[in-house]
Each structure stands twice: as C-alpha cells, then as structure tokens.
Number of protein chains: 2
Amino acid sequence: MLGLGLCGLLIDFKLDRSLAAGPPISQSQTEFSARRTIFHQNQTVDNVPIICDGWATATFKLSNGRRQILSFLLPGEMITCRLVFETQLHVTVDSITDGSYRAFDRAQLRTAMSNSPATFDRILSAYNAESSRADQLIVDLGRRSASERVAGLLIELWDRLEKLNKTDGNSVEFPLRQSHIADATGLTTVYVNKVLGEFRHEGMVDISDRFLQIRNMTKLRRLAA
Amino acid sequence: MLGLGLCGLLIDFKLDRSLAAGPPISQSQTEFSARRTIFHQNQTVDNVPIICDGWATATFKLSNGRRQILSFLLPGEMITCRLVFETQLHVTVDSITDGSYRAFDRAQLRTAMSNSPATFDRILSAYNAESSRADQLIVDLGRRSASERVAGLLIELWDRLEKLNKTDGNSVEFPLRQSHIADATGLTTVYVNKVLGEFRHEGMVDISDRFLQIRNMTKLRRLAA
DNA sequence: CGTAAAATTGAGCTGTCTCAATCAATGTGG
DNA sequence: CCACATTGATTGAGACAGCTCAATTTTACG
C-alpha cells in the first residue's frame, strides 16, 4: 500500500509531471522562498527531496568563491538521483523562485523500486536522463564557444519547460538572472550580458521582464547543435 | 546459478577488481588492439561491455570534428552504467592500448540486480561513482584553469590506478598521448604540452617513456583542489 | 521611497588558441 | 635491419575569445 502510494507519487512528480499542476497534498511538503539556500554542500540528507514547485539550482562551490551550476531543478525533479543510493549531498541547493519540495523516505523508495519493476525503470531512466544532461554539459563546457553554450542552455530549458506545459507559443516564464546563466555555462556575467545582447540584436532571443521569448528557434537550435 | 555467476563476475570486474590480475576465462571475451574504435557513437549495443584489460576512452564527437573525452575506461569498468538501462550508446569508444572486454547480457544483469540486493547496490554505487566523476569534470571545465584541469586529471587517474594496484612508488605506466589529455580537459594539444612542460620544469610531474612520475604529490593535489 | 541587486557598457588585459615549423619516436615494408 | 612514413612532442609568433575592473543605469524588494 505504502509502496504503491509512493510509486504513484513518484510517477506524478518525477515522470508524468502531472501533479505539478494539481493541488499539493502530501504532509511532508516543505515550502521555500526565493533566493534561499535549501540544502548545503556536504550535508547529509536522510531522505530524497523532489522539487514540487518552483525553480532551484544544484551548485558546486569551490573554496575560492568560484561556483558551477550542475543543474537547474524544475518541478517534478529530484535534486540528484544519486540521493536514492547515498546520503551525502555533494552540491548546494539554492532556490531561485518561491516553491516547495517533498521529501521521500529513502528506504521506502528503494523498497518501491524492488517491488515494482515499473518504479525501478522510472527511477533509473530518470538517472539516465540526469546523466545524459551532465554529459551534454561536459561537451558544452569543454568544446563549445560562449554563444553556443548559452544557446544550448536556453534550448535545454525550453525543451524541459515545454514538457512541463509551461511554454506559451514562443514565450515562457523565465526567472533566471544572468548570473545563473553565467554560473551554468562557465562564463562571467559581463560576457553573458554581451552574448544575450547579441542574441537580442539578431532577433533570435529576447529575455526581459522575467520572460524568455524565442524569436527564431531554427537559428537558435542550429547554434546550439 | 547463472545469476550468481554473473554477480560474481561483476564483483570481480567492476567492484573488487580482482579478476584483472587473474587469468581471463569467460568465453564472451573480445580482444582489441591499440588505437581502434571499438564501439561507435549512436550504435545500439545489445549487451553491457566491461573493460577487462587495457585502457580506452569514451568520447563524444561533434559534427565539426571537435571531440570531448567523457571518461577514461580502465580495467573493471563499464563503458557507462547507462547501458544497463538503455541500449543506445551516446559515445564512441576508442582503445588506447591493446586490451579486452567482456559483454554481459543486459537482461541477465538486470535479473541479477533484482535477485541480489548486493549486486543492486554495487551496480548503483558504480553509477554514483560515474556520476560523481562527471560532475567533477563539469566543475573542472567550467571553473578551473588549464593547469588546474590537467593536474586534476592526473590526480584522478593516479588515484584510480592506485586502487587497481598499478602504481609503483611515485610512478605508473601511462599510455595517454597529450592529445588524450587535451580532449579530456577541453584544451589544445599545444597548450597541454606547455602545461606539462611547466609541470616538469617545476619538478612536480614528469611524463616520459609511457610512464607518469609524480615528483611532488602535495603540490599537485593542492593545484588540483 | 530608499537601498540593494541586476543589467548594461566600455577600456584594456591575458589565457588559451591558431598556424606553422621542426624534431623525436614509433611502426612498417622490403 | 634499414629507410621511409606516420604519429606524437616541442617550440615560437601572433591573434582573439572571454576576462577584469569599473562606472552607470535600471529593476526589484523591504
């Protein structure tokens, strides 16, 4: 019963992403407000948090102040699937917007995985998706130019938001600051600003008033390819 | 019976790494020689290959000739744990040295996972290790300088080779070309050469005659930190 | 409404790249 | 076992993508 329930939640939150649109119910839900650190790097977490609403980042912070965003966390996503199998968090999780998360019991999750092949497959395919994005980021950072990387990030986010039904025509709500884009692409905010200015000038992409508008998707995808 | 056998092999190859030193037995073993492409990007692989002997790379190749090495594959390692759960390979696998691999049946692997919690844990902890290295690489590429990245790569390989008992004092057999280091760190071979020359000049690290010698581990680790 | 955070712009700098040449090592066929 | 061919290492000169520093304007928040 519990296993099944868990499984249902997982399907909703992680995979079908349908609950994001519905009313939040679970008692384990925790709200967070914008621009807060929700979990600290190297913290031990006894459960597996899944973002329920809002945007957040998973960031690796170096001692000298440099930081690299490893992933943007959107509704329905685990901070990292690694947490299903280990307890120590290797990143800092910072909220971007207001939102909420739910914490799933690790043992129950694992029980659900062994009891239900479907749950097993879903969690593992989420892990594969996470791993695929990481590899994509490695290629971007290692072998692509600044504008290619920014284009790639915008495309990735667009595609993910589209799956969440958050897009509307060529436009989508977009709470990222230029510093988020910089920390995700390994650039400086100053240079990100120049790249985005160039994109705007070319009539390809426009970010303003917390909205991202893609004016020439073909061109953007070609640049990111 | 089969499940157990598989599990045993896995322990040997992937986790305890003990079989690497012993005689190869399995009939599914395939030999490869140096500087060959073993698997192609986007190829469908019906089984899960594990490197048994020798060095190889998993490389993502872009259409314009740029390439990024995602990981170096050492004895006992899967190309990527993703292959346990999906069939399409997203990278090219190229051998560096002569060597061999064994191909495990995917379905049998998965059966072994569900039958044996220990196997389950081992495969997933291998996946976590893979994911951890990927995240480390992202941070390196995004936020560290050329010499930090090269130092980091040498340290990573040193530590992995040490676990395989391949190191001898401060020295270890090291078949990588400077172009491998370049493709792994997102640099050019010319610049890698300059960085390595600097390392040598400082008496920190020396690579010659297919051997890596670490002359000042403390300094190297501090640089890579 | 004041203050802090974010975006924008400009000037100059540097880490890393490109191009190109040379030299060393490794492998190959005869 | 040699001569050649190929691959890898090294070095130098010059270029440029992206950085730093710094000032200014705009936007957002308490």
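Sequence lines set the chain letters: A, B, ... in the order given, protein chains first and strands last, and positions in each chain run from 1.
At whole-Å resolution of the value, CD in B:E198 and P in D:dT10 are 13 Å apart. The separation between A:D183 atom CG and C:dA5 atom P is 16 Å, rounded to whole Å. In this structure, the CG atom of B:L196 is 11 Å from the C1' atom of D:dT10, given to the nearest Å.
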Item to check | Nucleotide-resolved protein contact map, nucleotides 16-23 of chain D, B/S/- at heavy-atom distance under 4.0 Å | outcome: -SBSSBB-
Strictly under 3.5 Å: I want the nitrogen or oxygen pairs between protein and nucleotides 5-9 of chain D, one per line.
| residue | atom | partner | partner atom | Å |
| --- | --- | --- | --- | --- |
| D:dA9 | OP2 | B:Q178 | N | 3.1 |

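Between the side chain of A:S95 and the backbone N or O of A:R36, at least one donor-acceptor pair lies under 3.5 Å. Under the 3.5 Å distance criterion, the side-chain polar atoms of A:R143 are left unmatched by any main-chain donor or acceptor of B:R66.
Residues meeting the side-chain hydrogen bond (donor to acceptor under 3.5 Å, both in side chains) test with B:E130, sequence neighbours left out: B:T80. The side-chain hydrogen bond (donor to acceptor under 3.5 Å, both in side chains) check on A:T37 picks up A:D94, with sequence neighbours excluded.
Taking the six-membered ring where the residue is Trp, A:W55 and A:F174 present perpendicular rings, their angle passing 60° and hence far from 30°.
Rounded to 10 degrees, the angle between the two end axes of the helix from C:dC1-D:dG30 to C:dG30-D:dC1 is 60°, with five pairs used at each end.
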Next on the checklist: Under the criterion ring-ring contact (aromatic ring centres under 6.0 Å, His included), I'd like the reasoning laid out for A:Y101 against A:F39: C-alpha separation, chi angles, the key distance, then a yes or no.
Outcome noted: CA-CA 12 Å; A:Y101 67 88; A:F39 298 101; 5.3 Å; yes
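Pairs of residues two or more places apart, or lying in two chains, that qualify as side-chain hydrogen bond (donor to acceptor under 3.5 Å, both in side chains) and include a residue from residues 192-201 of chain B are B:Q178-B:N193, B:R200-B:D206.
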